[in-house]
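The structure appears right after this line, and notes come after that.
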Amino acid sequence: MNHAHSFYIDGEWVEPSVSKTLEVIDPSTEQPIGTIALGSAADAEKAVAAARRAFASFSQTSNGERIELLKRIVTILKRRNDELGDIISREMGAPLAMARAEQAGIGATHFEQAIKALETFAFDYMQGTTCIMHEPIGVVAMITPWNWPINQIACKVAPALATGCAMVLKPSEIAPFNAVIFAEIMDEAGVPKGVFNLVQGDGPTVGAALASHPDVDMVSFTGSTRAGIAVAQAAAPTVKRVHQELGGKSPNIILRSADFSAAVAAGVRRCFGNSGQTCTAPTRMLVPIERMDEASSIAEREAAALVVGPASDPRTNLGPVASAAQFDKIQVLIERGIAEGAELVAGGPGRPAHLNSGYYVRPTVFARVTNQMTIAREEIFGPVLSIIGYDSEDEAIAIANDTPYGLAAYIQGDPKEARALAGRLRAGSVRLNSAAWDSAAPFGGYKQSGNGREYGKFGLHEFTEIKGIAGFSNE
């Protein structure tokens, strides 16, 4: 990593203000794979100042100019896709094939969607004699997580560029190297000087400095609800916009009309994808109470079929979780599930027997969980599934909504029944019958899962201010 000890500020790779580094750990081996520089409030200040200067001119560029810029970025992202996937696999543990195809590949998808949205986006239109204008919001601080790093970087940077904003990115220090490559891509694509800036660092230092900075007009944050609250509190004195995509505890309602075996199996696999480190993971499976034993048996079988191992091994389905802290948290919550009386169907505490190092978690299934148990309330962010029984559809909806979160929900069963129930779920997105991910659909949550929406045209709206000019036309 040629630029791991530098920051990208004002179109140049620059030295940090303070000499401080952090080891980046490969979760498959628990060994360091390199170090990054950690920034300070002074580095954040330089980056914000550069973005503020750049915004004046970049905000005035034409849609056509920005579309061409986004197209250049797509081309380079695709050329460097495998390089991005390889480093993501090493720094956060995603199996290599998945890291290349999904983790890295999703970046170009978000830029392509931004291009489509920008081609038809109405930045101004008439409402009677008043002109309604959408203008770029200004300087945006972007604070992104480690679990889907390029996804969360791209779904913020693409609409910000599309609308004419300038920005400062602070990626997760747990998985930071992919952001260095991303900054190199921005540089090669010819993003104007100061429009995109990268400062590595931790949340309490660089993140807090960006969130509280008076010259930052918006903070776009993805991460835990706890950290999101801290960002909002830091931003409050300057009354800036705070866009948050936070935690989830997504329900997966399997109706009596579903192909039960297929629905349960698919739900297990979706829950355990990315080693359970997905904010939309369907971690609460709701099944008819009379079919609890059947659901448990299917889930046990699916969990046993998964191969846990190093991210570099082509046989691996589930790599490690991303860090020692994450591993320890998951272990505590698995033990809590046992202590509170949930039925352990598969997995359990500790590493799989064939692995004696690395942050590997056994694919774990609990049955006969009640919705008041800790494992049904807290976001575990690991390969842990809770199966909860229900008597009626009304009870299933009540259980599904009985959570402080509201990011995503799932329903499996007769399409007509599923559509009728979808509107009763308090969640930002609902997937029916294992529907494919839609990169143009609005993404974001209700309640403590955050506010605002990302992806496609919805992302463009988030990065604009709305102005009304009365008397613009007397016709």
What residue among Q244, K156, H243 forms side-chain hydrogen bond (donor to acceptor under 3.5 Å, both in side chains) with T222?
-> K156
Modelled atom types, side-chain donor and acceptor of Q103 and N151, under 3.5 Å = no
Check step by step if side-chain contact (heavy atoms from CB on, under 4.5 Å) holds for S434 and Q412.
-> CA-CA 7 Å; S434 299; Q412 321 302 321; 3.6 Å; yes
Below 4.5 Å, heavy atoms only, C-beta onward: do R80 and E184 meet side chain to side chain?
-> yes
Residue list, salt bridge (Lys or Arg N to Asp or Glu O under 4.0 Å) with E15, at least two apart or on another chain | none
Roughly how far, to the nearest 0.5 Å, is the CG atom of D26 from the CD1 atom of I33?
-> 5.5 Å
What do the steps show when you test R301 against E294 for salt bridge (charged side-chain N to carboxylate O under 4.0 Å, His left out), and what is the final call?
-> CA-CA 11 Å; R301 182 188 68 214; E294 183 182 356; over 6 Å; no
Heavy-atom side-chain proximity of I411 to L255 below 4.5 angstrom | yes
Salt-bridge test for K416 and D414: reply yes if a basic N is under 4.0 Å from a carboxylate O, no otherwise.
-> no
Would you find a donor on one side and an acceptor on the other, under 3.5 Å apart, between the side chain of S449 and the backbone of L407?
-> yes
Contact summary for P16 and F7, nearest pair of heavy atoms = CB-CE1, 3.6 Å
Between R226 and E379, is the closest basic N to carboxylate O distance under 4.0 Å?
-> no
Do side-chain atoms of R284 reach the backbone of K249 as a donor and acceptor pair under 3.5 angstrom?
-> yes
May I have the step-by-step check of salt bridge (charged side-chain N to carboxylate O under 4.0 Å, His left out) for K329 and E378, ending in yes or no?
-> CA-CA 11 Å; K329 173 192 170 186; E378 293 191 19; over 6 Å; no
With sequence neighbours excluded, what pairs up with P404 under the side chain to side chain contact (heavy atoms under 4.5 Å, CB included) test?
-> R377, Q448
Flag the pair R256 and E393 as a salt bridge only when some basic side-chain nitrogen lies within less than 4.0 angstrom of an acidic carboxylate oxygen.
-> no
Give the intermediate values and the outcome of side-chain contact (heavy atoms from CB on, under 4.5 Å) for residues M285 and I388.
-> CA-CA 6 Å; M285 180 181 288; I388 302 169; over 6 Å; no
Can you see which heavy atom on R362 is nearest to which on T364, and at what distance?
-> O-OG1, 2.7 Å
Pairwise distance CD1(I143) to OG(S172) - rounded to 0.5 angstrom = 11.5 Å
Examine distances only and state if a side-chain atom of S392 and a backbone atom of E395 form a donor-acceptor pair shorter than 3.5 Å.
-> yes
When you look at I153 and L169, which way does the side-chain contact (heavy atoms from CB on, under 4.5 Å) test go after all the steps?
-> CA-CA 8 Å; I153 291 172; L169 169 66; 4.0 Å; yes
About how many Å separate CG of L385 and OG1 of T283, when rounded to the nearest 0.5 Å?
-> 7.5 Å
N178 and L84: which non-hydrogen atoms are nearest, and at how many Å?
-> O-CD2, 3.6 Å
Which atom of A44 lies closest to which atom of L210, heavy atoms considered = CB-CD2, 3.9 Å
For residues 269-279, the salt bridge (Lys or Arg N to Asp or Glu O under 4.0 Å) pairs (sequence neighbours left out) are R269-E302
Can E417 and S257 be counted as having a side-chain donor-acceptor contact under 3.5 angstrom?
-> yes
Heavy-atom side-chain contact between F366 and I387 under 4.5 Å | no
Between CD of E83 and CD1 of I185, what distance do you get to the nearest 0.5 Å?
-> 7.5 Å
If only atom types and distance count, is the side chain of S275 paired as donor or acceptor with the main-chain N or O of V321 below 3.5 Å?
-> no
Between R291 and F260, is NZ or CZ placed under 6.0 angstrom from the six-membered ring centre and within 45° of the ring axis?
-> yes
Report yes if some heavy atom in the side chain of D86 is under 4.5 Å from a heavy atom in the side chain of R90; otherwise report no.
-> no
Worked verdict on I87 versus V180 for side-chain contact (heavy atoms from CB on, under 4.5 Å) = CA-CA 10 Å; I87 197 61; V180 175; over 6 Å; no
May I ask you to check whether T374 and E340 show a side-chain donor-acceptor distance below 3.5 Å?
-> yes
So does R368 have more than 12 non-hydrogen atoms from other groups sitting under 6.0 Å from CZ?
-> yes
Classify the angle between the aromatic ring planes of F443 and Y455 as parallel (below 30°), tilted (30 to 60°) or perpendicular (above 60°).
-> parallel
The single option from V191, N197, L198, L161 passing side chain to side chain contact (heavy atoms under 4.5 Å, CB included) against M167 | L161
Side-chain (N317) to main-chain (L306) donor-acceptor, under 3.5 angstrom = no
Taking all heavy atoms of S224 and all of A227, pick out the closest pair and write down the distance.
-> OG-N, 3.1 Å
Any side-chain donor paired with an acceptor under 3.5 Å for D187 and Y8?
-> yes
Looking only at atom types and distance, does a side-chain atom of N81 sit under 3.5 Å from a main-chain N or O of G105, one as donor and one as acceptor?
-> yes
Checking side-chain hydrogen bond (donor to acceptor under 3.5 Å, both in side chains) for the pair T35/E23: CA distance, chi angles, key distance, verdict?
-> CA-CA 4 Å; T35 59; E23 281 190 332; over 6 Å; no
Please confirm whether R241 makes a cation-pi placement over F463, using NZ or CZ under 6.0 Å from the six-membered ring centre and within 45° of the ring normal.
-> no
Heavy-atom donor-acceptor pair, N274 side chain to N147 backbone, under 3.5 Å = yes
Rounded to the nearest 0.5 Å, how far apart are OG1 of T316 and CE of M98?
-> 12.5 Å
H5 and T21 side chains, donor-acceptor separation under 3.5 Å = no
To the nearest 0.5 Å, how far apart are CH2 in W13 and CG in N2?
-> 9.5 Å
Indicate yes or no for a side-chain donor-acceptor contact from K170 to the backbone of G201 under 3.5 Å, with no hydrogens or angles considered.
-> yes
Classify the ring geometry between F327 and Y359 as parallel (under 30°), tilted (30 to 60°) or perpendicular (over 60°).
-> tilted
Look at R424 together with D394 and state whether they make a salt bridge at an N to O cut-off of under 4.0 Å.
-> yes
Ring centres under 6.0 angstrom apart (F177, W146) | no
Heavy-atom pair with the smallest gap, counting every atom of A189 and I73 | CB-CG1, 3.6 Å
Does the side chain of D43 come under 3.5 Å of the side chain of S40 through a donor N or O and an acceptor N or O?
-> yes
Kindly indicate whether the side chain of F182, heavy atoms from C-beta on, has any atom under 4.5 Å from the side chain of V157.
-> yes
Donor-acceptor contact below 3.5 Å, side chain S89 vs main chain A94 = yes
Backbone N/O of A235 and side chain of S212: donor-acceptor pair under 3.5 Å | no
